[in-house]
Peer 1: 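Below you will find the structure I want to go over with you.
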Amino acid sequence: MKKNKISIIGCGNLGLSIVKGLLEEKEFPVKNIIVTKRNTSGLGFLKDQGITVTSDNAKAVEQTDIILIAVKPYDLSSVLEEIKGKLIPGKHILISVATGVTIQEIKKIIKTKIPVFRGMPNTAADVKESITCICYEGASQADVEVVKYFFDMVGTTITIKEQLMEAATVIGACGIAFVLRFMRAMVQGGIQIGFDSETASIIVNQTVKGAAQLLIERKQHAEFEIDKVTTPKGCTIVGLNEMEHNGFSSSLIKGIVSSYAKIEK
């Protein structure tokens, strides 16, 4: 799989996060990575590390076998039209990380019998901690293993049904922003009760990381771990109840549902 060559079409925030994650994987040769962007002036640092940078999407497709398209949904159809003549059955695997565009919509444009995947990573790929949900059509088990190999280099990969991809976008991709907003609020609260911002950030960052690791390793329900620190008449339960009285959980749930409704439209 290290012999595979990958092109990342549309190296914006998400595409760049994936590239940075691949760079962290020392075993994967940088000479096998091509990235494209309309304006490549800000990607000089990738060239310095041995990655090919170009604005020519069609040429990038010709030179690689894994095509990861990381453009905005409204740009996807034009990019597919641009590269469809270069897609070769038996050689190429196409992966789209564009929100809300189905596999059937993609296949209708490219009119080529190649494996088509949808993937939904998040920007934590930058530090190799993404959760990536994938679905696919027309792919062999070998194709699936190749795609998982690439996404596993930047985090953890799971396979889901395509009808859940929009929900995965909200929980996994939008979810990064939701968690960060929660963390920002914790830091602000820490400042109000006496910490400077730097110290509050250190405490909050490690606390959130530790809470996530508890659930990952222990495989317990979150409420199980919450119960461990909510002693009778203690400060934790008082704080939790005050948050719930002000709509903490319901606000988060409403935000998730609202984001999902936006994608569904």
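Here the structure is a predicted model, which means the values were calculated and not measured.
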Peer 1: Could you tell me whether the side chains of Asp75 and Ser78 share a donor-acceptor contact shorter than 3.5 Å?
Peer 2: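 Checked: Asp75/Ser78 side chains show no N/O donor-acceptor pair below 3.5 Å.
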Peer 1: What's the separation between atom OG1 in Thr132 and atom CE in Met120, rounded to the nearest 0.5 Å?
Peer 2: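 Between Thr132 OG1 and Met120 CE, I get 9.5 Å after rounding to 0.5 Å.
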Peer 1: Going hydrophobic residue to hydrophobic residue with side-chain gaps under 4.5 angstrom, can you get from Ile160 over to Ile106?
Peer 2: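 Hydrophobic grouping puts Ile160 apart from Ile106.
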Peer 1: Would the distance check show the side chain of Asp65 and the main-chain N or O of Asn4 forming a donor-acceptor pair, the cut-off being under 3.5 Å?
Peer 2: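 Side chain of Asp65 to backbone of Asn4: no pair is present.
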Peer 1: Judged by atom type as modelled, is there a donor-acceptor pair below 3.5 Å linking the side chain of Ser96 to the main-chain atoms of Ala98?
Peer 2: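 Yes, the answer is positive, given that a donor and an acceptor are paired below the 3.5 Å cut-off.
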Peer 1: Sort and list the pairs that fulfil salt bridge (Lys or Arg N to Asp or Glu O under 4.0 Å) and have at least one residue in residues 113-129, not counting sequence neighbours.
Peer 2: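 Passing the test, one end in residues 113-129: Lys20-Asp126, Glu25-Lys128, Arg118-Glu162, Arg118-Glu166.
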Peer 1: Please give me the minimum heavy-atom distance between Ser130 and Ala125, naming the atom from each residue.
Peer 2: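 Taking every non-hydrogen atom into account, CB-N, 3.5 Å.
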Peer 1: Does Lys59 NZ have over 12 foreign heavy atoms under 6.0 Å away?
Peer 2: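 Counting other residues, nucleotides and ligands, NZ of Lys59 stays at 12 neighbours or fewer.
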Peer 1: Out of curiosity, Asn122 CG to Ile131 CD1, how far, rounded to the nearest 0.5 Å?
Peer 2: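 These two atoms lie 8.0 Å from each other.
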Peer 1: Considering only residues two or more places apart or on different chains, which pairs with a residue in residues 47-78 satisfy ring-ring contact (aromatic ring centres under 6.0 Å, His included)?
Peer 2: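 The answer is none; no pair qualifies.
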Peer 1: Which value, rounded to the nearest 0.5 Å, describes the distance between Thr52 atom OG1 and Leu43 atom CG?
Peer 2: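 These two atoms lie 12.0 Å from each other.
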Peer 1: Excluding sequence neighbours, so at least two apart, what forms side chain to side chain donor-acceptor pair (under 3.5 Å) with Ser77?
Peer 2: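 Checked Ser77 against side chain to side chain donor-acceptor pair (under 3.5 Å); zero matches.
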Peer 1: May I ask you to decide if Ser140's main-chain N or O and Asp143's side chain share a donor-acceptor pair within less than 3.5 Å?
Peer 2: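 Indeed, once roles are kept as given, a pair shorter than 3.5 Å links the two residues.
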Peer 1: Could you measure the distance from the CD atom of Glu62 to the NZ atom of Lys91? Nearest 0.5 Å is fine.
Peer 2: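 So the gap between those two atoms works out to 7.5 Å.
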Peer 1: Look at atom NZ of Lys72 and say whether more than 12 heavy atoms of other residues, nucleotides or ligands are closer to it than 6.0 Å.
Peer 2: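 Counting neighbours around NZ of Lys72, 12 or fewer heavy atoms of other residues, nucleotides or ligands fall under 6.0 Å, so no.
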Peer 1: Using the rule that Ile, Leu, Val, Met, Phe, Trp and Tyr join whenever any side-chain heavy atoms are under 4.5 Å apart, tell me whether Val71 and Val35 fall into a single cluster.
Peer 2: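 Shared cluster, no.
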Peer 1: Give the cluster check for Ile9 versus Leu16: same hydrophobic cluster or not, with ILVMFWY residues linked at side-chain heavy-atom distances below 4.5 Å.
Peer 2: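 No, Ile9 and Leu16 fall in different hydrophobic clusters.
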Peer 1: Determine whether a donor-acceptor pair (N or O, by modelled atom type, separation under 3.5 Å) exists between the side chain of Ser7 and the backbone of Ile67.
Peer 2: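 Side chain of Ser7 to backbone of Ile67, a donor-acceptor pair under 3.5 Å: no, none is there.
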Peer 1: Is Ile134 reachable from Val101 through a run of hydrophobic residues whose side-chain heavy atoms are each under 4.5 Å from the next?
Peer 2: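 No.
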Peer 1: Could you tell me whether the side chain of Thr169 and the main chain of Met165 form a donor-acceptor pair under 3.5 Å?
Peer 2: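 Side chain of Thr169 to backbone of Met165: a pair is present.
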Peer 1: Suppose the criterion is ring-ring contact (aromatic ring centres under 6.0 Å, His included): which pairs have a residue in residues 153-176, not counting sequence neighbours?
Peer 2: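 For residues 153-176, and leaving out neighbouring residues, there are no ring-ring contact (aromatic ring centres under 6.0 Å, His included) pairs at all.
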Peer 1: What's the spacing between Leu87 CG and Ile93 CD1 if we round to 0.5 Å?
Peer 2: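 With rounding to 0.5 Å, CG (Leu87) is 12.0 Å from CD1 (Ile93).
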Peer 1: What's the verdict on side chain to side chain donor-acceptor pair (under 3.5 Å) for Glu145 and Gln141, showing C-alpha distance, side-chain angles and the deciding distance?
Peer 2: CA-CA 6 Å; Glu145 292 304 316; Gln141 188 56 40; 2.9 Å; yes
Peer 1: Write out all pairs satisfying ring-ring contact (aromatic ring centres under 6.0 Å, His included) with one or both partners inside residues 189-208, taking only residues at least two apart or from two chains.
Peer 2: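 Listed by first then second residue: nothing to list.
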Peer 1: Heavy-atom count around Gln163 CD within 6.0 Å, excluding the residue itself: above 12?
Peer 2: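 Yes.
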Peer 1: Give a yes-or-no answer on whether the side chains of Asn39 and Ser41 include a donor-acceptor pair shorter than 3.5 Å.
Peer 2: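 A donor-acceptor contact under 3.5 Å links the two side chains.
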Peer 1: Please enumerate all residues that pass side-chain contact (heavy atoms from CB on, under 4.5 Å) together with Gln213, with sequence neighbours excluded.
Peer 2: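 Gln213 satisfies side-chain contact (heavy atoms from CB on, under 4.5 Å) with Ile216, Glu217 once adjacent residues are dropped.
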Peer 1: Under a 4.5 Å side-chain heavy-atom rule over Ile, Leu, Val, Met, Phe, Trp and Tyr, are Ile69 and Leu46 clustered together?
Peer 2: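 Per the 4.5 Å side-chain linkage, Ile69 and Leu46 are not co-clustered.
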Peer 1: Atom NZ of residue position Lys107 - does it have more than 12 heavy atoms of other residues, nucleotides or ligands inside 6.0 Å?
Peer 2: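 Atom NZ in Lys107 is crowded, with more than 12 foreign heavy atoms closer than 6.0 Å.
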Peer 1: Are Glu225 and Lys228 ion-paired here, with the side-chain N under 4.0 Å from a carboxylate O?
Peer 2: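 A salt bridge is present here (some side-chain N lies under 4.0 Å from a carboxylate O).
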Peer 1: To the nearest 0.5 angstrom, please state how far the CZ atom of Phe151 sits from the CD1 atom of Ile95.
Peer 2: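 If we round to the nearest 0.5 Å, Phe151:CZ and Ile95:CD1 are 5.0 Å apart.
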